[in-house]
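All values below come from the heavy atoms of this structure, side chains included, with hydrogens, waters and symmetry mates left out. Per chain, numbering begins at 1; letters A, B, ... match sequence-line order.
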Protein chains: 2
Amino acid sequence: MGTYKVTIEDVAALAGVGIATVSRAINNTDGISPKTKEKVLAAVEELGFIPNSFAQNLKFRQTKQIALAVPDIRNAFIPEIAYSVEQVAKHYGYRVVQINTLGNIRSELELLRDMKKLHVDGLIILPLAYPKTLKDLINKASLPISIINYGKTLDTDVKADIVSLSTPEGKLVMEHLISIGRTRIGYAGAPKEIIEERFFAYEDALDQIDRSLVYFGDDFSLQTGAKAADYFVNLTHMPDAIYAGNDMVAVGLLNRFKELGIRVPEDIAIVGVDNNLLCTITTPKISSVSIMGAEVAKVATELLLQRIEEQKKGLFERVQFEPRLIVRESSLSRTRSTHHIE
Amino acid sequence: MGTYKVTIEDVAALAGVGIATVSRAINNTDGISPKTKEKVLAAVEELGFIPNSFAQNLKFRQTKQIALAVPDIRNAFIPEIAYSVEQVAKHYGYRVVQINTLGNIRSELELLRDMKKLHVDGLIILPLAYPKTLKDLINKASLPISIINYGKTLDTDVKADIVSLSTPEGKLVMEHLISIGRTRIGYAGAPKEIIEERFFAYEDALDQIDRSLVYFGDDFSLQTGAKAADYFVNLTHMPDAIYAGNDMVAVGLLNRFKELGIRVPEDIAIVGVDNNLLCTITTPKISSVSIMGAEVAKVATELLLQRIEEQKKGLFERVQFEPRLIVRESSLSRTRSTHHIE
DNA sequence: AATAGTCGTGGAAACGTTTCCGAATTAATT
DNA sequence: AATTAATTCGGAAACGTTTCCACGACTATT
């Protein structure tokens, strides 16, 4: 329709008033009589006038937009986070700009460097790695930032709100595997540079580490899980349990083991991390640690938006969530393997 | 940093030139001597000046932003689409605003109504349903729109580029099931209002329909699949194959059948739609139709951005993709069930 | 050496709002 | 009825760009 370029002046002309009056009418500002207000609103309706938000932004120095930077929206638990962020943002009247950093550290840095250019009111970032340069950039950035933090140890003096999991997820996994009587516990996942805490939990839980029980693949994928399974099977002394760095790896392990005729959990127990939907649809179902994606994202977004709205400087929040272990069939103890949990 | 409010005037002052000259320098416009250009750029660098994009937007009537409206980012194949859209957009220098319509028709309508308020340069929409009102709104909307279309028949006179799958995905499924010798084929999925073509393909492929072999659940979820399995098992005359409306339903069916001691594919074959990752990690692996999410999204985005950049009016594209059937274990023919496919 | 033509530059208008401020009208107070 | 106070309204500035236009300085042509 050609009705697009309707401006406040057109409305003013039609209503026979000044533009200031129109502005007052549509913004419910004081200082306008009910009668003229009605007249103006009628004109607005007739012309289908919608305020140009650039002009408003220019005026207010606000965009009502936040950016959400994640490694890759296609990854396991990220959609849940993206969804949660958008719901909260919508509730506050904000929009969400989506950015995939591709877990590329350079890309995360560039992102922050370009932040001003983006002209968003705030940023939620889920960093894959956490180099010092990133921290410096965050501290130098002149806009509110919330960090969703999985498995990294962050410096405490970062000028951003941080929502993270307090207990390393892996700790729960290891304690559980030990509690069901497993003694040769292996690890499979991406190299420790990626999400180091997941692997550190493994090291911490054991008195001494048998390096042959640790498999580092390229990433946290099904393929990595499958390759890990092949690796473990060829050991002269196989593990009796495996802590998988995430659920994708766990599923990859499980499927390959099944193909190779190895029973889970009888021969090997498997526990993953993320509590992905996948865990409930495999046979056996896979025990996993829920990392509370929706909740974490919700709080991170709320903190960010409150900071924006209240123009809060300093006093950065540190919120901790506790991961939850959900025990399923893949890690039932042998002695009570008939006992049904979940 | 307090460097935030740096404006073009500050740069001009520092460089000792006028603001017009600064503008010319940073935009590589003609009519400026190399010497002053250098001087200006030095000032830009020193002050860390970044043009205010609102002001630019206001000037250019452009946002360099597009909106992507999907039912729910958490759903099966949507993240792949979102990812693909963002990649293409980035390549063109555009940003993507993410909107979950929640498959709520009202919400999709409101979205279009609010489109002008959003002030994006274009919209990519993946509609769940396709009521006439939506078409009217699209036609009335004054901004470029690309529709990603799965399983709906759209009026040809919609004023938008449309990228869709040509053959109803379900046709492939039905032909395949018939070709492997199944005679009592059932359907399980959401009510036909949701993605009607998927069910229509079922009707079309059969000479006569046994209503008892059709199960409509609430949605396309694991639960719907499980409930459907319960339903089919209780029939006096069970089907020997099931066309599942999507992979979630297929997985739900499979798992419940396994719990009930029914063998797949020996007793019942199952084929899903979407070619979700899930299909490869179940036992048996599930045959499915790939709906080419990444490719469809890529083309839809390219069409939109080209339309925006070239200010193209009319001449709306209709791009068709062919779905691809990927045969896995869940629908091997009984007679050659030892033959390994994928 | 004088004129025409380039080139480089700055001033100012324009994009569409919001809001300050002053003017004009109306209502309230004595 | 006259002054004051309150209310309603319009003009204009401001937000930070880009770009049109005009002007001056310089080079090149005769």
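Among all heavy-atom pairs drawn from A/Ala69 and A/Thr101, the shortest one is CB-CG2, 3.9 Å. Minimum interatomic distance between A/Val11 and A/Val22 (heavy atoms only, all atoms of both residues): CG1-CG1, 3.8 Å. The two residues A/Glu86 and A/Val96 come nearest to each other via the heavy atoms CA-CG2, 3.9 Å. For B/Gln65 against B/Tyr94, the heavy-atom pair with the smallest separation is N-CD2, 3.7 Å.
A salt bridge is defined here as a Lys NZ or Arg NE, NH1 or NH2 lying under 4.0 Å from an Asp or Glu carboxylate O, and B/Lys312 with B/Glu317 meets this definition. Classification of B/Lys135 and B/Asp157 as a salt-bridged pair holds, one side-chain N sitting under 4.0 Å from a carboxylate O.
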Criterion side-chain hydrogen bond (donor to acceptor under 3.5 Å, both in side chains) on A/Lys90 and B/Asn100, from CA distance to verdict: CA-CA 10 Å; A/Lys90 199 203 308 194; B/Asn100 292 309; over 6 Å; no

Check against salt bridge (charged side-chain N to carboxylate O under 4.0 Å, His left out), A/Lys64 and A/Asp121: CA-CA 6 Å; A/Lys64 292 278 177 184; A/Asp121 295 340; over 6 Å; no

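For the segment residues 31-43 of chain A, residues with any heavy atom less than 4.0 angstrom from an atom of DNA chain D are, sorted by number, A/Gly31, A/Ile32, A/Ser33, A/Thr36.
Rounded to 10 degrees, the angle between the two end axes of the helix from C/dA1-D/dT30 to C/dT30-D/dA1 is 50°, with five pairs used at each end.
Remark: B/Glu9 CD to B/Leu14 CG distance equals 13.5 Å, nearest 0.5 Å. Interatomic distance, CD1 of B/Ile148 versus CD1 of B/Ile78, reported as 8.5 Å (0.5 Å rounding).
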Heavy-atom protein contacts under 4.0 Å, nucleotides 16-26 of chain C, coded B base, S sugar-phosphate only, - none: BBBBB------

